[in-house]
Amino acid sequence: MAKANKQVICEVLMEAAKTDKDVVVLCSDSRGSASATPFANAFPEQFVEVGIAEQDLVGIAAGMAHCGKRTFPMSPACFITARSYEQCKVDVAYSHTNVKLIGISGGVSYGALGMSHHSAQDIACMSSIPGMRVYLPSDCHQTKKLMEVLVKDNEPAYIRVGRNAVEDVYSEDNCPFTMDKATVITRGKDVTLVAAGEMVKPAVEAAKLLEAAGISTAVLDMYCIKPLDSETLLQESAASRLVVTIEEHSIFGGLGSMVAQVIGQHAPKKVVCLALPDEPAPAGTSKEVFAYYGLTGEGIAATVKQHL
Amino acid sequence: MPATCDNGMNLQALAYKLRKDVINIIVSGKGGHIGGDMSIMDALVTLYFKVMDVTPENFASGKHDHFVMSKGHSVESLYAVLAEKGFFPLAQVLNEFSRFGSKFIGHPNNKLPGIEMNSGALGHGLPVAVGMALACRMNNTNERVYTFLGDGELAEGSNWEGAMAAANYHLDNLCALIDRNRLQISGCTEDVMALEDLKAKWLAFGWHVIVVEDGNNIDELTAAFEAAKATSGKPTMLIANTVKGKGSAVMENKAGWHHHVPNEEEYQQIMRDLDAAYEEALKNG
């Protein structure tokens with residue numbers, strides 16, 4: 001059943017907190033929007049409210065992590081990556097503290113609230129910090145698997161999820177997952193679609209349309225944007241004439257840029273990047289914005305046909 | 001009360017000896033924030049030799065008192081103190097400071113023993129220290145947390161976020177200190193961005209505030225740190241009135257010495273002045 005990825009994150013953290021007293025969730029007046037209220041209510045001793053102060057949120061999370069805690073600051077992606085970027089860079093990554101930065105309502109999730117609330121830069125800025133891993137899980141099943149690994153490991157990471165429930169890509173019984181390895185959803189020899197986060201579902205829909213049109217299509221769920229799984233990318237796209245990346249992020253410095261670097265260096269071929277263009281996204285729901293920019297099954301299929 | 005630690009060392013004199021080490025470190029590396037190193041030295045010596053429970057032996061366990069050098073540019077003074085504590089040899093600092101590939105860089109680096117958190121970007125130390133203090137309380141330890149801030153650094157808004165959180169959570173295991181030397185790189189703090197009434201600001205934020213009238217006096221600093229330990233229900237801020245460049249008239253109260261490498265003539269004079277101050281401190285001790 002489809003549910004919001006942030007809700008799954010809270011569920012995994014609550015399960016972990018039962019046996020691990022060092023699991024701490026921190027919010028910046030964001031417990032409601034982060035779906036973290038159940039955690040705050042069930043584990044008040046393992047919950048820290050810092051008020052509307054994202055620099056403080058990340059600095060405090062880093063200090064606590066240094067003294068043995070596994071900290072999970074949860075705040076809108078736009079704020080936790082931009083307002084507190086220097087804390088992410090210095091206090092978390094550079095000081096190497098066990099902080100998992102959870103960016104909720106990422107991309108254009110906040111729709112009509114405008115560019116101040118959109119996070120179309122977070123992959124670029126977080127990926128360029130040495131020592132910072134970046135994950136964009138696609139649905140609730142993958143989010144669960146990812147968080148079950150992250151809640152136990154000791155390295156910094158940034159995890160971006162959307163605001164709303166997303167349609168399932170996988171199912172409870174069928175969610176193949178290997179940490180830091182892209183999930184191969186379909187294999188194909190003509191074109192390879194590489195997507196992350198909420199763009200995986202439309203990529204899967206596009207593949208169905210393309211297969212029906214006789215175009216053999218591979219779909220990779222590159223939830224691990226950093227470290228990017230170059231091996232699977234090169235292996236699965238070896239036969240393809242075209243690679244198309246799809247992401248809910250600026251055209252600059254995101255999944256498309258990274259995939260193009262790998263393909264350009266190791267297996268040169270045409271790479272087309274579907275992303276948010278260099279402009280403030282228009283007001284509207286995520287679905288409306290995705291449709292406007294061609295980030296839908298039909299839009300992706302049309303792009304493939306145009307370039308193949 | 002004599003300014004000595006348990007082994008009878010005269011700490012006021014030690015601070016002058018370590019200032020000489022700092023000058024040599026800066027000359028060896030051809031750069032360093034000399035003025036703030038000199039103003040903060042007495043507070044560092046007090047902290048490491050009288051106040052904090054931290055040693056090269058207990059450091060790796062993580063079970064010790066904690067320190068974040070928020071004014072990270074004064075790292076040369078921290079290197080001199082940590083070397084004196086036995087965390088690494090002074091000779092290593094002198095050989096490696098600011099050289100290619102060195103771990104002894106111009107800001108605190110937690111790849112080195114004795115240093116817990118990296119800093120250098122200003123306005124980070126207090127929120128991090130708040131996090132440490134919160135974790136220590138959750139962990140039911142008696143470990144205390146210290147952080148030293150520059151006065152010019154207080155223009156960074158993140159300090160005030162940390163100030164609110166520390167008071168909100170009644171962190172009496174947290175003690176911060178402001179190196180109130182009244183100078184920053186562009187000139188007087190009150191001309192660059194007025195800070196006064198500094199005491200009233202911290203009181204208004206809910207802190208216990210102690211003004212250390214002579215922040216270069218080990219006895220006064222020791223008494224203030226002890227008073228902080230005895231405080232319950234709120235964090236303590238020590239506003240330490242210090243002299244930038246303390247120890248030699250060549251450097252004292254000169255904004256131009258915020259970041260400066262002494263030339264040969266200046267070096268000789270500074271070393272003579274520090275030797276004289278050392279002897280004077282020994283006599284008074």
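These numbers come from the heavy atoms of this one structure, side chains and all, not from hydrogens, waters or symmetry mates. Order of the sequence lines sets the chain letters (A, B, ...), proteins ahead of strands, with each chain counted from 1.
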If you count heavy-atom pairs under 4.5 Å with chain A, which of E116(B), K63(B), E161(B) comes out on top? E161(B)

Quick check: do D22(A) and N139(B) have side-chain heavy atoms less than 4.5 Å from each other? yes

Does some side-chain heavy atom of T97(A) sit less than 4.5 Å from a side-chain heavy atom of M117(B)? yes

Check the surroundings of atom CD1 in I52(A): do more than 12 heavy atoms from other residues, nucleotides or ligands lie under 6.0 Å from it? no

With a cut-off of 6.0 Å (strictly less than), are more than 12 heavy atoms of other residues, nucleotides or ligands near CE of M179(A)? yes

Atom NZ of K89(A) and atom CG of N118(B): how far apart are they, to the nearest 0.5 Å? 11.5 Å

Heavy-atom distances under 4.5 Å only: say whether S84(A) touches chain B with side chain, backbone, both or neither. neither

Need one label for E49(A): side chain, backbone, both or neither, based on atoms under 4.5 Å from any heavy atom in chain B. both

Within a strict 4.5 Å, meaning less than it, do heavy atoms of the M138(B) and E45(A) side chains meet? no

Enclosure of K229(B) NZ (heavy-atom neighbours >12, cutoff 6.0 Å): yes

Any idea which heavy atoms bring K69(A) and A135(B) closest together, and the distance? CG-CB, 4.0 Å

Compare all side-chain heavy atoms of Q87(A) with those of P127(B) and state whether any distance is below 4.5 angstrom. no

For a quick test of reading the model, state the closest non-hydrogen atom pair linking S158(B) to Q55(A) and the distance between them. CB-OE1, 3.5 Å

Check this for me: E231(A), atom CD, are more than 12 non-hydrogen atoms of other residues, nucleotides or ligands nearer than 6.0 Å? no

Counting only heavy atoms not in M164(B) (residues, nucleotides, ligands), do more than 12 fall under 6.0 Å from its CE? no

What part of V24(A) lies closer than 4.5 angstrom to a heavy atom of chain B: side chain, backbone, both or neither? side chain

Should we count CZ of R144(B) as having more than 12 external heavy atoms under 6.0 Å? yes

Quick one: of T71(A), D56(A), L57(A), V58(A), who has the most non-hydrogen atom pairs under 4.5 Å with chain B? D56(A)

What parts of residues 97-115 of chain B touch chain A if we use heavy atoms and a cut-off under 4.5 Å? I105(B), N110(B)

Which residues pass the side-chain hydrogen bond (donor to acceptor under 3.5 Å, both in side chains) test with E84(B), sequence neighbours left out? K17(B)

Please check if the number of heavy atoms outside N142(B) that lie under 6.0 Å from its CG is greater than 12. no

